[in-house]
There are 2 protein chains.
Amino acid sequence: MDHLETRQLRYFVAVAEEQHFGRAAHRLGMAQPPLSRAIRDLERHLGVQLLVRTSRRVALTPAGQVLLDEARIALDAVATAGNRTRHAGQEVPALRLALKADHDAGLLPRILDAYDVLPVELLLGGYGEQLAALHDGRADVALLTTPFDERGIDSEPLVTGPRLVAMAASDPLAARTGLRLVDLTGRLLPYGTPAEKGLPTPPFDHHEPLDHSQIFSLIEVGAAVWFLPVWLAERFDRPGIAYRPVEGLEPATLTVAWPARSRLAAVATFVRTVQQIAGDTATYDNPAPVGHPV
Amino acid sequence: MDHLETRQLRYFVAVAEEQHFGRAAHRLGMAQPPLSRAIRDLERHLGVQLLVRTSRRVALTPAGQVLLDEARIALDAVATAGNRTRHAGQEVPALRLALKADHDAGLLPRILDAYDVLPVELLLGGYGEQLAALHDGRADVALLTTPFDERGIDSEPLVTGPRLVAMAASDPLAARTGLRLVDLTGRLLPYGTPAEKGLPTPPFDHHEPLDHSQIFSLIEVGAAVWFLPVWLAERFDRPGIAYRPVEGLEPATLTVAWPARSRLAAVATFVRTVQQIAGDTATYDNPAPVGHPV
DNA sequence: ATCGACCGATACCCTGCTGATATGGATCAT
DNA sequence: ATGATCCATATCAGCAGGGTATCGGTCGAT
C-alpha cells in the first residue's frame, strides 16, 4: 500500500467536477490520455471503481463521491500547509484580513486604527473568496456577511441590518410600498448571497461574477434587481438607483470569522477589537428606505 | 507557484521529527542525498527556510514548526481520503469499530448483539491506535478511555469508574490502605494513560509498548506497578496480582468517540445503542478493592 | 440504416524527476 | 592533529508521467 499523492487527487477532482476527461485535461493543462491513465491507476491503487464511463458521459460511483468530498478537504489542508508556512517565513509578521470591498459596514477605518498588535494586510476578493482564503491559510481572519458555510469556521456577529432591494429609480415597483419577494420573481441577479435560490433569474448568460460597477449598471437600466445589506446600499446611494425594504427578506449580519483551528493570539485580539468597535456603532434597528425619489 | 506534493511533506515530517537527515532517510527507506535535495527544493519552492543545519544538528525554524504541524494535518487528511474511499468501495458496507482489547468494560458482546444496522468490523489496536484510526478514516467509531486528545473528535461518555493500581500481591504496599500517588514514585510503567507524566518511571529500556501479558508479568514479579480502570482489573483478576485504590487518582471514563466531521447515520445509531446499553449497566460508584489477599 | 461527431482507452515514445553512489567540506571529540 | 560524523554537491541510471497518434464504441442527424 503506497501513498496517495496530491497530483492524483487534483486530477480526480478535476474529472469529477467536469464529468468529462477532455475538459478536465484542458483545465489541468495536459492531454487527455495521461489523465485517463492516471485515473485508472488511482482506481487500481485504491482497489475501488470511482467513475462509471460510458462513451457519452462520466458519472461518479458512491466511492467516487466519497473521494471527491475527502479529496477537496485534503487538498485544502495541503494548500493550507503551504500558505501558512510561506506566511510564517515572512520577516514582518502581519495579520491577513480578507474582506469584500465595501462590505465592512464602514468599520474598516476604525478597525485598522484601533488594532495595533500587528500590521494588517488586506486581502480584497470577490464573492466567496474570503471563505476560501480562511480555509487554505491565505488569511488569518475575515469579515463575512451571513449566511455562509460555517463548517470549520468560528465567527462572532458584529452588525445586523436589513437587506434591501436595489432597483432602477424609474422602476414602477420603486413607487410601491410593501414589496414582497414574489414581486421580484425572475428579475433577481444570481450573484451575491445565494439565499433565494428558488427564484428564477433574468435571462443573462453571464457565468462570470459581475463586479459592483457592472451590477449597478444593470440595475440602473432596469435590467435586474439585486438584494444587498443596508450598509452596502449606503455606499452606493446615487441617482438612478432606489433601495426599498422587502417583506420577508432575511436581514444580513456582518461577522468576523476565523479558522476554527486557529489559536493565534493576534486573531483573538483582533476579534475583540472589532467587536468593541461594532458595539460602539449605531445599529440598523429601524431602517428607513434610502435612495432618491423617482 | 506550483503545487505541494505529499511526498515532500512526508519527507519533511520525517526530517523534522528525527532532527537528522540520515535517520530520516533510513526511516523513509531511501538514501540521504536525495532527501537533502528534496528538502532544499521544498524550501526553495516555499521561499522559506525550514531547517537550520549545522553539521552537528538540525533544528526547526519557526516556519518549519508551522509546516510540521500543518503537514501532519494535511497528511492525515490525505490518508483519510484514501481510507474512507477504500471502505466506501467495499461491496458489503460495515461499521468499523476501533477499540483496545479488554477495554470495553464488558459492554462489547451486548453492543454487537444490539446493533444490527450494519455488520460491525472490529479493529483491535494498541495504545493510541484507536484515535489514529478515527483520524485517518480507518475507523468510523471507537471506544476510548479518558483522557484523550479531543481535537477533531466528538464523544459521549458511557461508563465512569475508578482507576486502581496493579501491583504484585506480595508487595508490601499491597497490605497497606490509603495508598497515595507519591507512594508509587519511580515504579510506574510509562505505558497506558500518560496522565502522571511528572512521576519518574522504572529503569527499563523498553521503548516499544508492552502488551498486557508482558505488563502483568512485570507487575507479578514486582518490577513495576500500573494504573488501570477497574473494568480492566476485573478481566485480569488472578493470583499474584493485587489491585488497590489510590487516593487522588483520577477516575477513568469509557467513551464512544467518532470523527467530528462524521455525519454517518450508522454512527449516530451506534452511539445511541451503546449509550442505551451503558445506561442499563451497573456503575462503579462504590468501588471495593478487588484482588486476592496476600 | 448509415455516417459522422464525440469521447474515452490504448499504444508508443520521450523527457525529466527521483533515487543511488561517490565524494567534498565543515564541525566536534579525543 | 586526526578521525568520526553529518549534510551538501556532483553525477548517473531508471522509470514515472506527459505527449502524439489512433482505435473502438455510442449517439444523433439525415
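Quick note on labels: first sequence line is chain A, next is B, and so on, each numbered from 1.
Side chain of A:Thr6 to backbone of B:Leu4: a donor-acceptor contact under 3.5 angstrom is found. Put simply, the side chain of B:His87 never gets that close to the backbone of B:Ala139: no donor and acceptor are under 3.5 Å apart. When atom types are taken as modelled, the side chain of B:Glu43 and the backbone of B:Gln49 share no donor-acceptor pair closer than 3.5 angstrom. Proximity of a side-chain donor or acceptor of B:Gln32 to a complementary backbone N or O of B:Gly22 within less than 3.5 Å is not detected. A donor-acceptor pair under 3.5 Å is formed between the side chain of A:Asn83 and the backbone N or O of A:Asp136. In this structure a side-chain-to-backbone donor-acceptor pair under 3.5 Å is present from A:Thr80 to A:His135.
With respect to B:Glu121 and B:Arg138, no salt bridge is recorded, no charged nitrogen being found less than 4.0 Å from a carboxylate O. Between B:Arg10 and A:Glu5 there is a salt bridge, since at least one side-chain N of the basic residue sits less than 4.0 Å from a carboxylate O of the acidic one.
We find that CD of B:Glu5 is positioned 8 Å from P of C:dT18, with the value rounded to whole Å. In this entry the distance linking CD of B:Gln8 with C1' of C:dG19 reads 15 Å, nearest Å. Between the CG atom of B:Leu42 and the P atom of C:dC17 there is a distance of 16 Å, given to the nearest Å. In this structure, A:Ile39 places its CD1 atom 14 Å from P of C:dT10, rounding to the nearest Å. Whole-Å rounding puts the A:Arg57 CZ to C:dA9 P distance at 15 Å.
Residues satisfying the ring pair (Phe, Tyr, Trp, His ring centres under 6.0 Å) test with B:His103, not counting sequence neighbours, are B:His212. When the side chain to side chain donor-acceptor pair (under 3.5 Å) test is applied to A:Glu129, no partner is found at least two apart in sequence or on another chain.
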Protein-nucleotides 21-30 of chain C N/O pairs closer than 3.5 Å?
residue: C:dT27; atom: O4'; partner: B:Ser55; partner atom: OG; Å: 2.8

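Of all nucleotides in DNA chain D having an atom under 4.0 Å from a heavy atom of chain B, the first and last in 5' to 3' order are D:dT5 to D:dT11.
Sorted by first and then second residue, the pairs that involve residues 259-270 of chain A and meet side chain to side chain donor-acceptor pair (under 3.5 Å), not counting sequence neighbours, are A:Arg261-B:Glu70.
Contact annotation: A:Arg53 side-chain N/O to C:dA9 OP1/OP2 distance is under 4.0 Å.
Residue contacts shown for A:Arg37 include a base, since a base heavy atom lies under 4.0 Å away.
For the segment residues 20-28 of chain B, residues with any heavy atom less than 4.0 angstrom from an atom of DNA chain D are, sorted by number, B:His20, B:Phe21, B:Gly22.
In terms of position along DNA chain C, the nucleotide closest to A:Gln19 lies nearer the 5' end than the nucleotide closest to the other residue of the pair A:Arg7 and A:Gln19.
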